[in-house]
Amino acid sequence: MAVSYWLMKTEPNTYSIDDLSSDPDQKTCWEGVRNYQARNLMRDEFEVGDRVLFYHSACAEPAVVGTAKVVRAGYPDHHAWDKRSNYFDAKSTPENPRWFMVDIQLDTKFAQPVKLATMRAEPKLEGMELLRKGSRLSVQPVRKQEFDWILKLAKQLAK
DNA sequence: GCCAACGTTGGC
DNA sequence: GCCAACGTTGGC
């Protein structure tokens with residue numbers, strides 16, 4: 001099965017790439033996604049070995065800050081049935097889970113972030129979902145060539 | 001803090 | 001099923 005490419009947004013105030021870096025095994029579960037489109041992707045499309053662009057949003061410098069790998073495919077987000085969790089949803093139960101998540105593991109943290117502004121200026125990235133006006137999907141597919149180009153930009157910036 | 005874009009809710 | 005009201009996202 002072919003590897004797929006994704007972009008996942010997180011607010012660094014809540015959970016940054018440095019948080020991922022300091023988690024055990026540099027792994028985390030991607031809990032709390034409460035959007036059906038994003039859920040469907042994680043539940044149905046994500047596979048172990050897929051590659052992820054780790055994106056910081058809603059912050060001073062929105063940017064792709066590194067990459068991660070999918071280490072566990074979609075499974076129910078149990079936070080949804082934990083009343084004490086911020087992500088609690090009474091309509092989700094263990095018998096009939098409504099929300100799903102995946103596990104990811106840090107691959108690389110970029111020496112320099114690839115900023116949103118930089119990406120906007122790149123003709124090669126023109127078709128990217130992230131750059132679409134009004135796009136706010138927190139889990140979104142990325143084309144291989146886009147993924148590769150962003151890695152290339154990160155390398156150039158590191159020099 | 002502003003505001004455009006989008007998703008969800010709920011009355012009808 | 002329509003659509004107004006509301007809440008959220010996220011760049012600026």
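Chain identifiers are assigned alphabetically (A, B, ...) following the order of the sequence lines, protein sequences preceding nucleic acid strands; residue numbering begins at 1 within each chain.
Scanning for side-chain contact (heavy atoms from CB on, under 4.5 Å) contacts around Gln145(A) gives Arg143(A), with sequence neighbours left out. Shown here are the side chain to side chain donor-acceptor pair (under 3.5 Å) partners of Trp81(A), two or more places apart in sequence or in another chain: there are none.
Checked against a 6.0 Å centroid threshold, the rings of Trp99(A) and Tyr36(A) count as neighbours.
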Please tabulate, for side-chain N and O atoms in residues 28-35 of chain A, each donor-acceptor pair with protein atoms closer than 3.5 Å (sequence neighbours left out).
| unit_1 | atom_1 | unit_2 | atom_2 | d |
| --- | --- | --- | --- | --- |
| Arg34(A) | NE | Tyr87(A) | O | 3.4 |
| Arg34(A) | NH1 | Asp77(A) | OD2 | 3.0 |
| Arg34(A) | NH2 | Asp77(A) | OD2 | 3.1 |
| Arg34(A) | NH2 | Tyr87(A) | O | 3.0 |
| Asn35(A) | OD1 | Gln37(A) | N | 3.0 |
| Asn35(A) | OD1 | Ala38(A) | N | 2.9 |

Show me the side-chain donor-acceptor pairs of residues 55-73 of chain A shorter than 3.5 Å, one per line, residues at least two apart or across chains.
| unit_1 | atom_1 | unit_2 | atom_2 | d |
| --- | --- | --- | --- | --- |
| His56(A) | NE2 | Ile17(A) | N | 3.1 |
| Thr67(A) | OG1 | Thr108(A) | N | 3.3 |
| Thr67(A) | OG1 | Thr108(A) | OG1 | 2.9 |

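In this entry the distance linking CG of Leu131(A) with C1' of dG11(C) reads 12 Å, nearest Å.
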Considering only nitrogen or oxygen atoms on both sides, find all protein atoms under 3.5 Å from nucleotides 5-9 of chain C and state each distance.
| unit_1 | atom_1 | unit_2 | atom_2 | d |
| --- | --- | --- | --- | --- |
| dT8(C) | O2 | Arg136(A) | NH1 | 2.8 |

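Counting non-hydrogen atoms of other residues, nucleotides and ligands closer than 6.0 Å to CD of Gln156(A) gives a total above 12.
Applying a 4.0 Å cut-off to non-hydrogen atoms, the residues of residues 114-121 of chain A that approach DNA chain C are Leu116(A), Arg120(A), listed by residue number.
Between Lys91(A) and Asp89(A), none of the side-chain N atoms (NZ, or NE/NH1/NH2) sits under 4.0 Å from a carboxylate O, so this pair counts as no salt bridge.
Taking hydrophobic clusters as Ile, Leu, Val, Met, Phe, Trp and Tyr residues chained together by side-chain heavy-atom distances below 4.5 Å, Met128(A) shares a cluster with Val114(A).
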